[in-house]
Protein chains: 2
Amino acid sequence: MPAKKLKQLSEPNTEAKIKAAARIVFHKKGYAATRTRDIAEEAKMNLALLNYYFRSKEKLFELVMMETLGSFFMAMGMVFNDASTSLEKKIELVAEKYIDLITAEPEIPLFIMSEIRSEGAAILEKLPFMHMVMQSTFVSQYKHAVKAGKITEPNPLQFLMNMLGLIVFPFIGSPLIKKVGKLSDRQFDILMKERKKLIPVWMKAMLKAK
Amino acid sequence: MPAKKLKQLSEPNTEAKIKAAARIVFHKKGYAATRTRDIAEEAKMNLALLNYYFRSKEKLFELVMMETLGSFFMAMGMVFNDASTSLEKKIELVAEKYIDLITAEPEIPLFIMSEIRSEGAAILEKLPFMHMVMQSTFVSQYKHAVKAGKITEPNPLQFLMNMLGLIVFPFIGSPLIKKVGKLSDRQFDILMKERKKLIPVWMKAMLKAK
DNA sequence: GTCTATAACGTGATAGAC
DNA sequence: GTCTATCACGTTATAGAC
């Protein structure tokens with residue numbers, strides 16, 4: 001039924017509209033600060049429909065949370081486990097991919113970190129990616145390079161923190177950065193775009209630092 | 001009256017106890033998720049005393065928020081505006097000072113970022129430090145080094161984001177890092193301690209990267 | 001200053017008409 | 001499926017006794 005499919009694309013059904021609205025509001029305000037009324041308003045829907053489709057605020061939140069976590073870490077998992085790319089290429093790919101991803105939805109990193117703090121790290125158990133990072137081809141490539149003397153810092157965790165810090169922190173601290181640098185949203189995005197090329201350069205310099 | 005002062009030091013008065021408890025709970029859970037009952041319980045005080053001393057949850061929060069922001073950014077302001085230290089020395093001092101500061105109260109960075117998101121960046125207006133970063137001796141030293149060809153990246157904001165990312169992000173993402181690396185709290189702290197020496201090395205390598 | 005009791009309000013959720 | 005009206009509950013804040 002192509003007619004029905006077309007209709008879904010142009011006019012999402014009620015359930016999808018509410019979920020999309022919930023995603024926006026939860027990402028922006030976090031679980032505790034969002035009111036179910038905020039979500040209904042954002043979706044331009046009646047409040048009762050939220051419970052009709054999703055039973056409760058909590059159930060709706062868990063759904064959004066899992067989708068957000070899944071898409072966010074899946075992207076990294078794909079890059080990290082690709083045996084056909086070099087370590088240096090992986091750095092480029094992660095920087096490029098994540099800065100694009102987060103620029104599209106800048107609230108995601110702070111949302112994830114805040115909610116993990118509130119709910120406890122137990123949610124992370126459900127993500128297959130978490131358990132396999134240290135067994136990824138990325139880490140074995142890293143260790144190999146350490147043995148070959150191409151990298152000074154032996155601990156891949158330090159490397160991981162550095163890369164994520166360089167990529168993710170500017171978004172988490174964006175209000176601060178914008179204020180200090182007197183940047184418009186657009187100017188900020190330009191800086192981030194520049195970082196897509198700069199971060200790999202910086203990371204490679206760090207690898208050989210001593 | 002040394003007797004009275006001694007008593008204050010060993011047994012803080014009710015007001016101070018409540019404020020200290022509020023600091024702990026607000027830092028851990030954020031404004032929206034903390035209940036005034038949580039604070040009273042943490043302080044082992046009657047709930048009504050909170051309103052007696054601080055009028056409202058919001059007033060108490062603003063007090064905590066301002067103290068936290070003030071102490072956090074003041075430390076950076078001191079280092080950044082010291083004309084007697086070199087750029088490289090400033091990097092060392094900031095890394096050392098902030099990793100110690102945040103290790104003592106690891107919730108602070110995420111607390112600050114989360115609450116700025118909720119309340120809007122307007123709070124930052126009240127902080128003198130925010131307005132003068134770009135006029136600090138740190139930035140003029142940076143620009144000077146760029147002109148002298150010692151630094152490849154001309155924008156001090158990129159440098160600032162990098163330094164803060166390397167220092168602050170691991171704490172914001174600590175549940176993630178601990179999970180991925182299967183680290184205990186103690187092991188995590190050791191990694192952070194290592195970073196006090198490593199970050200200046202990495203930053204210096206980045207400065208010359210191209 | 002500190003307590004108990006309670007008021008006033010906001011929020012999540014549901015019943016029941018349409 | 002969608003709406004209005006309303007309930008049930010938790011939370012902030014205060015009144016008033018001690």
Side-chain angles (χ1 to χ4, degrees), chain A residues 1 3-66 111 114-115 118-119, chain B residues 1 3-66 111 114-115 118-119:
Chain A
M1 308 116 174
K4 192 179 181 186
K5 194 149 195 178
L6 273 175
K7 191 182 178 203
Q8 281 189 342
L9 284 172
S10 56
E11 283 180 39
N13 55 32
T14 304
E15 186 174 352
K17 276 184 188 168
I18 294 173
K19 198 167 77 178
R23 186 180 170 96
I24 292 170
V25 181
F26 279 137
H27 282 188
K28 183 149 57 190
K29 315 216 292 185
Y31 179 80
T34 95
R35 313 290 156 226
T36 51
R37 283 166 175 80
D38 300 337
I39 296 173
E41 195 182 350
E42 174 75 32
K44 289 169 188 161
M45 291 289 167
N46 186 288
L47 173 59
L49 293 173
L50 191 152
N51 293 86
Y52 176 77
Y53 282 103
F54 300 97
R55 287 192 50 85
S56 72
K57 176 190 177 185
E58 197 176 345
K59 288 257 184 291
L60 177 54
F61 176 78
E62 281 168 17
L63 193 68
V64 169
M65 185 66 173
M66 279 308 147
F111 166 76
S114 299
E115 298 303 330
S118 317
E119 298 202 32
Chain B
M1 309 117 172
K4 192 178 179 186
K5 194 148 196 178
L6 273 176
K7 191 178 177 204
Q8 282 190 340
L9 284 173
S10 57
E11 283 181 39
N13 56 32
T14 304
E15 186 173 353
K17 277 183 188 169
I18 294 173
K19 198 167 77 178
R23 186 180 171 95
I24 291 170
V25 181
F26 279 139
H27 281 187
K28 184 150 56 190
K29 315 216 291 185
Y31 179 80
T34 94
R35 313 287 155 227
T36 50
R37 284 167 172 82
D38 301 337
I39 296 172
E41 195 182 350
E42 174 75 32
K44 289 169 189 161
M45 291 289 167
N46 187 287
L47 174 58
L49 292 173
L50 190 151
N51 293 87
Y52 175 78
Y53 281 104
F54 301 96
R55 286 193 50 85
S56 72
K57 176 191 176 184
E58 196 175 346
K59 287 255 185 292
L60 177 53
F61 175 78
E62 280 168 18
L63 194 66
V64 169
M65 184 67 174
M66 279 307 148
F111 167 76
S114 300
E115 298 303 329
S118 318
E119 298 202 31

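Side chains are part of it too, since the values below use all heavy atoms of this structure and drop only hydrogens, waters and symmetry mates. Note that the coordinates shown come from a computational prediction; the quantities given were computed from them, not determined experimentally. Lettering follows sequence order; numbering is per chain, from 1.
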Touch class at under 4.0 angstrom, heavy-atom based, for A/R55 against every strand present: sugar-phosphate
Gap separating the CE atom of A/M45 from the NZ atom of A/K17, nearest 0.5 angstrom: 4.0 Å
Ignoring the backbone of [X], work out which of [options] is nearest its side chain.
X     : options                : value
B/N51 : D/dC3, D/dT14, C/dA13  : D/dT14
A/Y53 : C/dA13, D/dT2, C/dA15  : D/dT2
A/R37 : D/dA15, D/dT12, C/dG12 : C/dG12

In whole Å, what is the span from the [atom1] atom of [X] to the [atom2] atom of [N]?
X     : N      : atom1 : atom2 : result
B/L50 : D/dT14 : CG    : C1'   : 13 Å
A/I18 : D/dC3  : CD1   : C1'   : 13 Å
B/E41 : D/dG10 : CD    : C1'   : 15 Å
B/D38 : D/dT12 : CG    : C1'   : 13 Å
B/Y31 : D/dT11 : OH    : P     : 14 Å
B/L47 : D/dG10 : CG    : P     : 15 Å
A/N13 : D/dT2  : CG    : C1'   : 14 Å
A/L49 : C/dG16 : CG    : C1'   : 15 Å

Under 4.0 angstrom between A/T36 side-chain N/O and C/dG12 OP1 or OP2: yes
Geometric cation-pi criterion, A/K57 with A/F26: 6.0 Å, 45°: no
Min side-chain heavy-atom separation A/R23-A/F111 under 4.5 Å: no
Validation row: A/L63, A/K19 side chains within 4.5 angstrom (heavy atoms): yes
5' priority, DNA chain C, between A/K57 and B/N46 [closest heavy atom]: B/N46
Residue whose closest nucleotide on DNA chain C lies nearer the 5' end, A/Y52 versus A/R35: A/R35
Sidechain-backbone polar pair: A/E115 side chain, A/M65 backbone, donor-acceptor under 3.5 Å: no
